[in-house]
Number of protein chains: 2
Amino acid sequence: MADPMYRQIADDLRRQIEAGDLPAGSQLPTELDLCDEYGASRNTVRDAIRLLITRGLVETRPGQGTYVVENIQRFVTTLIEDPETGRGGGEEGVYIAQVEAANRTPRNCALRVEIQQAVGDLAAALQVEDGTYVISRHQQRFIDSAPWSLQTSYYPMSLVNSHGATRLLEATDIPEGSVTYLGEHVGIKQTGYRDKIAVRPPDETEISFFSISADGLVPVFEVFRVGFDQNGNPFRLTVTVYPADRIQFAVNVGEVPT
Amino acid sequence: MADPMYRQIADDLRRQIEAGDLPAGSQLPTELDLCDEYGASRNTVRDAIRLLITRGLVETRPGQGTYVVENIQRFVTTLIEDPETGRGGGEEGVYIAQVEAANRTPRNCALRVEIQQAVGDLAAALQVEDGTYVISRHQQRFIDSAPWSLQTSYYPMSLVNSHGATRLLEATDIPEGSVTYLGEHVGIKQTGYRDKIAVRPPDETEISFFSISADGLVPVFEVFRVGFDQNGNPFRLTVTVYPADRIQFAVNVGEVPT
DNA sequence: GCAAATTTGTTCGTATGTATT
DNA sequence: CAATACATACGAACAAATTTG
């Protein structure tokens with residue numbers, strides 16, 4: 001007995017999918033049919049199917065059946081749009097330009113602005129004391145009315161108190177982008193930034209917003225962007241979360257043809 | 001009856017974990033204890049635990065019990081080491097420097113060099129006809145004897161036939177890095193590259209090499225790097241796969257303090 | 001629109017195998 | 001070897017979602 005039976009069944013089905021005997025979009029035999037075919041109980045067949053689900057090969061639709069997943073065309077987000085200016089992708093202006101270029105219509109939901117106390121990683125990223133007040137600006141983004149990303153930017157309150165960046169407190173879009181606003185009106189110029197990209201299982205909010213599997217099988221990308229000003233101090237942390245099954249990141253360095 | 005029972009049990013346990021009642025590394029009650037506690041059958045309790053596993057909160061050890069996972073310290077790989085030179089992280093020389101800087105010891109396994117025909121995405125990335133022969137150089141990488149990444153680089157055969165880059169065919173390391181070798185001895189200089197980063201479930205080879213859950217619950221990062229020469233033509237495609245639970249990518253743009 | 005049939009989802013009980021202590 | 005704990009597998013029943021007649 002090398003492999004358990006549910007794994008043998010899963011392997012056999014996987015082979016059929018990869019060989020094209022079960023093409024993308026086609027329906028698998030029903031669970032009861034598979035029971036007959038492999039001489040296994042329904043629970044064992046379901047274990048096999050669950051394995052295929054976690055590997056992203058099939059999906060089940062209650063009342064309908066089990067289907068081979070279609071290949072999702074992953075949308076590409078460029079983290080560095082222009083190596084010359086170093087302007088980052090994912091920010092407001094560039095974000096909209098990218099999306100429209102692909103004949104898609106972006107939409108931003110209402111901003112939610114809050115003031116909270118920075119603790120832990122957030123305080124560390126902004127290099128402020130634990131408990132320092134920060135402004136959080138949270139936004140839901142859609143493409144073609146499909147949920148796309150959850151983004152929250154954090155700014156130290158000192159930008160308002162000491163530098164007069166009062167527009168950060170208003171719950172309205174900053175059309176030119178907050179980085180441009182801070183640079184032109186407040187004298188805080190972003191001279192560099194650092195992105196960190198990780199993957200983790202989704203939480204309840206993300207499962208609900210992105211309409212991904214409630215079993216947490218689809219991970220999410222989490223992009224931390226810390227912006228640094230002309231003095232080398234961090235002045236902004238932006239955390240953006242994307243569903244990992246429908247996105248791809250690109251980084252262009254040097255001369256890259258389009 | 002809003003939620004099914006196994007989900008209620010999972011939610012309750014998740015709450016205990018997040019509240020710190022079940023700290024990282026601690027053991028959960030055994031399945032039979034949980035059956036008593038919640039008045040559910042063992043199968044239902046196991047369904048609840050499976051949900052926590054897929055969300056990365058707990059892990060089971062046969063014969064021992066179920067434990068709250070320790071937070072993994074994710075190792076950071078920088079995709080752009082130096083914005084001035086634009087030299088990319090993840091390549092041979094830079095890779096070793098990064099690893100040693102963190103007091104870890106890198107190790108490369110024996111190279112495997114093959115000649116194969118490019119089809120589909122591979123041919124498209126290198127901009128060659130389907131069926132063109134390419135050189136593939138495959139390597140397994142370790143850190144502190146722990147599996148770290150699987151990397152395969154593809155080069156068009158024309159680099160050997162027309163440009164005399166014969167060392168690409170030898171199954172030995174190119175210590176200065178193949179990009180440097182091609183630049184200095186063959187006259188193909190890399191003037192830019194494009195990385196694309198995606199996440200997907202692991203295949204059998206990756207599950208075995210990285211020793212990740214056989215259920216495919218831990219996704220893998222897949223980084224495609226296409227290098228372009230001074231004429232804007234692609235001359236190399238490198239595909240690197242990392243386990244997503246122990247890595248994080250960084251991209252530095254502009255002036256970024258260390 | 002409704003009822004029946006089909007298909008997957010949830011839950012129980014039970015038994016046996018395998019890994020660890 | 002024995003005890004403990006998780007892994008696999010079977011059978012059964014009912015619920016919920018969807019399609020079909």
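These numbers come from the heavy atoms of this one structure, side chains and all, not from hydrogens, waters or symmetry mates. Proteins get letters first, then strands, A, B, ... in listed order; numbering begins at 1 in each.
- Rounded to whole angstrom, the span from the CZ atom of B:Arg42 across to the P atom of D:dC6 amounts to 7 Å.
- If you check C:dG13, D:dG11, D:dC6 against the side chain of A:Ser41, the one that comes closest is D:dG11.
- For B:Thr60, no side-chain nitrogen or oxygen approaches OP1 or OP2 of D:dA5 to under 4.0 Å.
- Rounded to whole Å, atom C1' of D:dT4 lies 9 Å from atom CG of B:Leu32.
- Counting only N and O atoms by type, the side chains of B:Asp12 and B:Gln16 include a donor and acceptor under 3.5 Å apart.
- Residue A:Met5 has its side chain nearest to D:dA9 when only D:dA9, C:dT10, C:dA19 are considered.
- Distance, B:Arg61 CZ to D:dA7 P: 12 Å, rounded to whole Å.
- Using bins of under 30°, 30° to 60° and over 60° for the plane-to-plane angle, the ring pair A:Tyr242/A:Phe249 lands in the perpendicular bin.
- If you measure from atom CG of A:Asp47 to atom P of D:dA9, you get 8 Å, rounded to the nearest angstrom.
- At a cut-off of 3.5 angstrom, counting only N and O atoms as typed in the model, there is no donor on one side facing an acceptor on the other between the side-chain of B:Arg7 and the base of C:dG9.
- Residues B:Arg200 and B:Glu206 are paired through a salt bridge, judged by an N-O separation under 4.0 Å between the basic side chain and the carboxylate.
- At whole-Å resolution of the value, CG in A:Leu51 and P in D:dA9 are 12 Å apart.
- One atom, CD of B:Glu31, and another, C1' of D:dT4, lie 12 Å apart when rounded to the nearest Å.
- Not one side-chain nitrogen or oxygen of A:Thr30 sits closer than 4.0 Å to the OP1 or OP2 atom of C:dT6.
- Look at A:Thr66 and you'll find a side-chain N or O under 4.0 angstrom from OP1 or OP2 of C:dT8.
- Atom CG of B:Asp121 has 12 or fewer neighbouring heavy atoms from other residues, nucleotides or ligands inside a 6.0 Å radius.
- Protein atom CG of A:Asp3 is 16 Å distant from nucleotide atom P of D:dA7, rounded to whole Å.
- Separating the OH atom of B:Tyr67 from the P atom of D:dT4 is a distance of 15 Å, rounded to the nearest angstrom.
- For B:Gln139 and B:Asp173, the side-chain atoms include at least one donor-acceptor pair closer than 3.5 Å.
- Nearest-nucleotide positions on DNA chain C for A:Gln64 and A:Asn43 put A:Gln64 closer to the 5' end.
- Of the listed nucleotides (C:dT8, D:dT8, C:dT11), C:dT8 has the atom at the smallest distance from the side chain of A:Arg46.
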